[in-house]
A.B. asks: 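To start, I am sharing the structure in question, which I have written as structure tokens.
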Number of protein chains: 2
Amino acid sequence: MITLTEENYIKAIYHLSSNGEKTVNTNAIASAMQTKASSVTDMIKKLSEKNYADYKKYQGVTLTDDGKRVAVNIIRKHRLWEVFLVEKLNFSWDEVHEVAEHLEHIKSDKLIDELDAFLEFPTYDPHGDPIPDKEGNFKHIEKIVLAKAEVGSAYKCVGVDDTSSKFLKYLDSNHIALGTIITVKHKEPFDNSIKIALENSEIVVSQSVAKNLYLKKI
Amino acid sequence: MITLTEENYIKAIYHLSSNGEKTVNTNAIASAMQTKASSVTDMIKKLSEKNYADYKKYQGVTLTDDGKRVAVNIIRKHRLWEVFLVEKLNFSWDEVHEVAEHLEHIKSDKLIDELDAFLEFPTYDPHGDPIPDKEGNFKHIEKIVLAKAEVGSAYKCVGVDDTSSKFLKYLDSNHIALGTIITVKHKEPFDNSIKIALENSEIVVSQSVAKNLYLKKI
DNA sequence: AAATATTTTTAGACTAATCTAAAAATATAT
DNA sequence: ATATATTTTTAGATTAGTCTAAAAATATTT
Ligand SMILES: [Mn+2]
Ligand SMILES: [Mn+2]
Ligand SMILES: [Mn+2]
Ligand SMILES: [Mn+2]
């Protein structure tokens, strides 16, 4: 039996290690989980005992194949529920994360497979993140961050790094959504702000915005 | 903050007291919750401190208005999710209970109100049980148990007492569902079995079946 | 290479929910 | 009314997850 808390730690480690590869520090996990390093040490010992993680004292932690499987499955559930909330229950993209954080822990294979079918097997969630299929496979989307885009080129908005309500509402109020076409007009060296052209307007976005918006060249 | 465990106890007390009226014993709760009496004592003390229950030592427990409100809200969520699972995700009525047992604890008013609307405000769940509305109101359905039905009369099947998978599958295999028309043919005094007529068949059901099937005279 | 700073782990304590075993209260039978 | 049985409560442990404070290991400066 795997507990809800273990699942959340495994998911955090997975995200911090960019897909289960590189080792993750205790402090990084503590800050991601909003807890203390001592709690993390206890938990990674447990995950290691249960064979979800490999861990050597003071050397950080990586997920085992079992651990990665668990992580990807929770991410699959999280993202499918997010699609459900937006597509069927009139949630906006800035409202779904918190609820999905809980729904992702409901344990029923039939539930999630039927939900997947009901939603017609979506491949991306409302934030542009790919949804793993039943076997855990998903394609890594080709994307760059706005901060690295080149002046003069046109891009399509395909995702966000920060999924906080604040950031998503900022995008809403500036008429930026997934699929929006953006042309980079000017990069200001002084503060790294960027002037971009949308369909009917030109706006200047700050460096923090530019680092959190994912684009694909078109 | 109310915990998942507290919610489950409150729901159990509500069901055992037939809608929060009469007092409920420690042992009854223990057996409903599949736990020990000593654990129940601890929990009802806590519920009492949090003002969800009234409790005097050795005298059993009743729910406060707050406790009843919590119970009805969980029941509303449980039954709405059951409808969702059957109507949208191809679950059968014997598969929904376990999953709904978990989904009922997801805390989001928007989620449940939008789900209610998405399902077009259903008034009964897949087992014939009424679904409380947002304010907690629901009508008590007029119904009798098959064991008390009169020979010669015709009834409509409107609910079940036992919602176990075993019983529901038994009904499926005998072509009895909500809405099925049943005519009582004979009551056997020897073992209290009952011969009933369905649309195209006559079957004999045992006393245990007769005590768990709810009917409405037509 | 030693001193200092940072990170990580340990030790010990706390809360929620559970358990077993024993004590206390209540109910039932003689 | 007394003895017996049943129910309920208490006392003391246990487990999961968390915390603070101190110790140990590792990393960074000088
Ligand atoms: Mn979560
Ligand atoms: Mn998402
Ligand atoms: Mn439950
Ligand atoms: Mn039901």
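Just so it is clear: chains get the letters A, B, ... in the order the sequence lines come, proteins before strands, and each one is counted from 1. The structure presented is a predicted model; accordingly, all values stated were derived computationally and were not measured.
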A.B. asks: For A:Lys57 and A:Met33, find the nucleotide of DNA chain D closest to each by heavy atoms; which residue's nucleotide sits nearer the 5' end?
C.D. replies: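 Result: A:Met33.
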A.B. asks: Would you kindly give the CG-to-P distance between A:Asp42 and C:dA11, to the nearest whole Å?
C.D. replies: 11 Å
A.B. asks: Find which nucleotide of DNA chain C each of B:Lys36 and B:Met43 is nearest to by heavy atoms, and output the residue with the more 5' nucleotide.
C.D. replies: B:Met43
A.B. asks: Rounded to whole angstrom units, what separation is found between the CG atom of A:Asn8 and the C1' atom of D:dT18?
C.D. replies: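 In whole Å, D:dT18 C1' and A:Asn8 CG are 15 Å from each other.
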A.B. asks: With a 4.0 Å cutoff (strictly under), does any side-chain N or O of A:Asn27 reach OP1 or OP2 of C:dT8?
C.D. replies: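 Yes, within the criterion.
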A.B. asks: Whether B:Glu7 and B:Lys107 form a salt bridge (side-chain N of Lys/Arg under 4.0 Å from carboxylate O of Asp/Glu) is what I want to check.
C.D. replies: yes
A.B. asks: For the pair made of CD1 in A:Ile44 and C1' in D:dT18, what is the distance, rounded to whole Å?
C.D. replies: 15 Å
A.B. asks: Answer with base, sugar-phosphate or nothing: what part of the nucleic acid does B:Ser39 contact at a heavy-atom distance below 4.0 Å?
C.D. replies: base
A.B. asks: Which part of the nucleic acid, if any, lies within reach of A:Asn25 when heavy atoms closer than 4.0 Å are counted: base, sugar-phosphate only, or nothing?
C.D. replies: sugar-phosphate
A.B. asks: Given the structure, check if the side chain of A:Ser38 and the base of D:dT18 hold any donor-acceptor pair shorter than 3.5 Å.
C.D. replies: no
A.B. asks: Think B:Tyr58 has a side-chain N or O under 4.0 angstrom from the OP1 or OP2 of D:dT6?
C.D. replies: no
A.B. asks: Please determine if B:Arg76 and B:Glu135 form a salt bridge, counting it only when a charged side-chain N lies under 4.0 Å from a carboxylate O.
C.D. replies: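 Between B:Glu135 and B:Arg76 there is no salt bridge, as every charged N stays at least 4.0 Å from the carboxylate O atoms.
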A.B. asks: In whole angstrom, give the distance that lies between atom CD1 of A:Ile29 and atom C1' of C:dT7.
C.D. replies: 13 Å
A.B. asks: C:dT9, C:dT18, D:dT18: which one has an atom nearest the side-chain heavy atoms of A:Thr5?
C.D. replies: D:dT18
A.B. asks: With a cut-off of less than 4.0 Å, is there a side-chain N or O of B:Tyr55 near OP1 or OP2 of D:dT9?
C.D. replies: yes
A.B. asks: Take the protein atom NZ of B:Lys56 and the nucleotide atom C1' of D:dT8, then report the distance between them rounded to whole Å.
C.D. replies: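 The distance from NZ of B:Lys56 to C1' of D:dT8 comes to 16 Å, rounded to the nearest Å.
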A.B. asks: Looking at A:Thr41, I'd like to know whether one of its side-chain N or O atoms comes within less than 4.0 Å of OP1 or OP2 on C:dT9.
C.D. replies: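 True: A:Thr41 side-chain N/O within range (under 4.0 Å) of C:dT9 OP1/OP2.
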A.B. asks: Main chain of A:Tyr52, side chain of A:Thr64: is a donor-acceptor contact present, judged purely on distance under 3.5 Å?
C.D. replies: yes
A.B. asks: Between B:Glu150 and B:Lys217, is there a side-chain N and carboxylate O pair less than 4.0 Å apart?
C.D. replies: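 Counted as a salt bridge, because a side-chain N and a carboxylate O are separated by less than 4.0 Å.
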A.B. asks: Starting the side chain at C-beta, find the nucleotide from D:dT9, C:dT18, D:dA16 nearest to A:Thr3.
C.D. replies: D:dA16
A.B. asks: Restricting to salt bridge (charged side-chain N to carboxylate O under 4.0 Å, His left out), what partner residues turn up for A:Lys187, sequence neighbours left out?
C.D. replies: none
A.B. asks: Given D:dT18, C:dT10, C:dA25, identify the nucleotide with an atom nearest to the side chain of A:Lys45.
C.D. replies: C:dT10
A.B. asks: Tell me the interatomic distance from A:Gln59, atom CD, to D:dA24, atom P, rounded to whole angstroms.
C.D. replies: 18 Å
